[in-house]
Amino acid sequence: MTDTSGQAASQSAAGDAPTLRRVALGVQYDGSQWQGWQTQPHRQTVQDQLEAALQRFTQGPVATTCAGRTDSGVHALEQVVHFDTPIARDLFSWVRGTNAFLPPTIAVRWACELPYVDDAAIASSMTASAQVPEVHGADRAQASMLAQFGFHARFSAVARTYHYVLYNHPVRSPLLAGKAGWTFRPLDADRMHRAAQHLIGEHDFTSFRAVECQAKSPVRKMESITVRRHGDMIVFTLKANAFLHHMVRNIVGSLIVVGNGNQGPEWVAEVLAARDRSRAAPTFMPDGLYLARVDYPDVWALPQENRSWPWL
């Protein structure tokens, strides 16, 4: 797993200087035992585990950048990550070799090699753009412009999709612990779906943002929200250009208040217009939250997976 033959192949003829390449990975993980994505001193995060595995595989330090950080207990069906390396490997070697050093709850699903790019060039372009005052990701028009600089897991993304999976049954299921949220009161999925449509479009989502959220702007563009029941499972699917801290879980908590009859569907519109976090429901549990997909312009041709679990 630590074959170094690719290292020689990646040296240029001039002075044996390494030629960097950018590698993108699709990463899936069960976040229930990890303290979120972002690296921490205790090293119990998905990023720490992935970078340690890559370091063991490449025999050198590797720094990763992801499309969107997930909180403690949150899962990913397909997180997108990039890193730069002088090491040359077959694409599937990146998958098998990295997975050999990862715990069972984290796996690389695919790999794609892209031209190396200086991240500073992309960041400078994003910051200078009047269209995007903060660098959470590009809009679809800006993404085409940024393509000239190269691929970036975060800045090149044009949309993100999350699923929230909720078990709606009088009795909790131990088989779903950490994998789905739970509420015992009966919920009306159609009523919640109607309420959610008030959130479609570009809005100030202050009412659904965590108090500790560090984003400079609370404005996000919600492209779609669906709420569908599958037996005792209810699946909330939200797609937006980007999300604020705890935004999905705060929206789900508020929709549950509508679904159990405590508020009408129009209440969600009132909460949104109030721009006041105290008006919305408490943040719902992280167990059922999944980063499902990150969308990029077709020019990057990432080998992303379209399959999903049957109930998603």
Main-chain N/O of Pro86 paired with Arg21 side-chain donor or acceptor, under 3.5 Å: yes

Would you say Asp232 and Asn168 make side-chain contact, with heavy atoms under 4.5 Å? no

Taking every non-hydrogen atom, the tightest pair across Val294 and Ala157: CG1-CB, 3.5 Å

In terms of the angle between their ring planes, are Phe205 and Phe208 parallel, tilted or perpendicular, with boundaries placed at 30° and 60°? tilted

Does one hydrophobic cluster hold both Val211 and Val252, with members joined at side-chain heavy-atom distances below 4.5 Å? no

Between CG of Asp204 and CZ of Arg220, what distance do you get to the nearest 0.5 Å? 10.0 Å

Would you call the rings of Phe101 and Phe57 parallel, tilted or perpendicular, taking 30° and 60° as the class edges? tilted

Looking at side-chain heavy atoms only, is the closest gap between Gln44 and Trp34 below 4.5 Å? yes

Rounded to the nearest 0.5 Å, what separates atom CE in Met222 from atom CG in Asn241? 9.0 Å

Minimum heavy-atom distance between Ser254 and Ala281, given as atom pair plus value: OG-N, 3.2 Å

Counting only N and O atoms by type, is there a donor-acceptor contact under 3.5 Å from the side chain of Gln47 to the main-chain atoms of Gly36? no

Would you name the heavy atoms of Arg279 and Glu270 that are closest together and state the gap between them? NH2-O, 4.4 Å

Got a donor-acceptor contact below 3.5 angstrom from the Asn99 side chain to the Val108 backbone? yes

When you measure from the side chain of Arg191 to the backbone N and O of Val258, does any donor-acceptor pair fall under 3.5 Å? yes

Minimum side-chain heavy-atom gap Tyr29-Thr105 below 4.5 Å: no

Does His82 reach the main-chain N or O of Ala153 with its side chain, forming a donor-acceptor pair under 3.5 Å? yes

How about Asp295 and Arg293: do any of their side-chain heavy atoms sit closer than 4.5 Å? yes

Check His193 against Thr226 and note the closest heavy-atom contact, atom names and distance. ND1-CA, 3.5 Å

Polar side chain donor-acceptor pair, Arg277 to Thr283, under 3.5 angstrom: yes

Between Ile234 and Met192, is there a side-chain heavy-atom distance shorter than 4.5 Å? yes

Okay, side chain of Arg185, backbone of Gly261: is any donor-acceptor separation there less than 3.5 Å? no

Answer whether the closest heavy-atom distance between the side chains of Leu291 and Val74 falls below 4.5 Å. no

With clusters defined by side-chain heavy atoms of hydrophobic residues (ILVMFWY) lying less than 4.5 Å apart, directly or transitively, does Val299 cluster with Val80? yes

Atom CZ of Arg69: over 12 foreign heavy atoms under 6.0 Å: no

Val62 and Thr85, any side-chain heavy atoms less than 4.5 Å apart: no

Give a yes or no on whether Val171 and Met285 share a hydrophobic cluster (residues Ile, Leu, Val, Met, Phe, Trp, Tyr; joining criterion: side-chain heavy atoms under 4.5 Å apart). no

Quick check: closest heavy atoms across Asp84 and Tyr116, and the distance to 0.1 Å? OD2-CE1, 3.5 Å

Non-hydrogen side-chain atoms of Asn250 and Arg209 separated by less than 4.5 Å: no

Derivation of the side-chain contact (heavy atoms from CB on, under 4.5 Å) call for Val81 and Cys66: CA-CA 4 Å; Val81 175; Cys66 74; 4.2 Å; yes

Taking atom CZ of Arg229 as the centre, does the number of heavy atoms from other residues, nucleotides or ligands within less than 6.0 Å exceed 12? yes

Show me the pairs that pass salt bridge (Lys or Arg N to Asp or Glu O under 4.0 Å) and involve residues 36-52, at least two apart or across chains. Arg43-Asp48

CG (Asp276) with more than 12 external heavy atoms under 6.0 Å: yes

Hey, does the side chain of Trp182 reach the backbone of His169 with a donor-acceptor pair shorter than 3.5 angstrom? yes

Apply side-chain contact (heavy atoms from CB on, under 4.5 Å) to the pair Val271 and Gln263, showing each step before the final yes or no. CA-CA 11 Å; Val271 171; Gln263 295 287 352; over 6 Å; no

Quick one: CZ on Phe236 to CD1 on Ile251, what's the gap to the nearest 0.5 Å? 11.0 Å

CZ (Arg249) and CG (Asp71) are apart, to the nearest 0.5 Å, by 6.0 Å

If you look at every heavy atom in Pro303 and Cys112, which pair is closest and at what distance? CD-CB, 3.7 Å

Any sub-3.5 Å donor-acceptor pair from Arg109's side-chain atoms to Gln28's backbone N or O? no

May I ask whether Ile87 and Leu91 are part of the same hydrophobic cluster, defined by side-chain heavy atoms of I, L, V, M, F, W, Y residues being less than 4.5 angstrom apart, directly or through others? no

Would a hydrophobic clustering, with Ile, Leu, Val, Met, Phe, Trp and Tyr connected at side-chain separations under 4.5 Å, put Leu175 with Leu289? no

Backbone N/O of Gly68 and side chain of Gln79: donor-acceptor pair under 3.5 Å: yes

Do His152 and Thr65 pass the side-chain contact (heavy atoms from CB on, under 4.5 Å) test, and can you show the C-alpha distance, the side-chain angles, and the key distance before you say yes or no? CA-CA 8 Å; His152 190 285; Thr65 299; 3.6 Å; yes

Residues 266-289 vs ring-ring contact (aromatic ring centres under 6.0 Å, His included), sequence neighbours excluded, gives Tyr164-Phe284

Checking side-chain contact (heavy atoms from CB on, under 4.5 Å) for the pair Ile256/Asn260: CA distance, chi angles, key distance, verdict? CA-CA 6 Å; Ile256 288 173; Asn260 63 25; 4.2 Å; yes

Donor on one side chain, acceptor on other, Trp110 and Glu78, under 3.5 Å: yes

Distance (rounded to the nearest 0.5 Å) between Leu25 CG and Leu50 CG: 6.5 Å

When rounded to the nearest 0.5 angstrom, what is the spacing between CG in Leu166 and CG in Leu255? 10.5 Å

Sequence neighbours left out, what passes side-chain hydrogen bond (donor to acceptor under 3.5 Å, both in side chains) with His75? Give chain and number order. Asp30

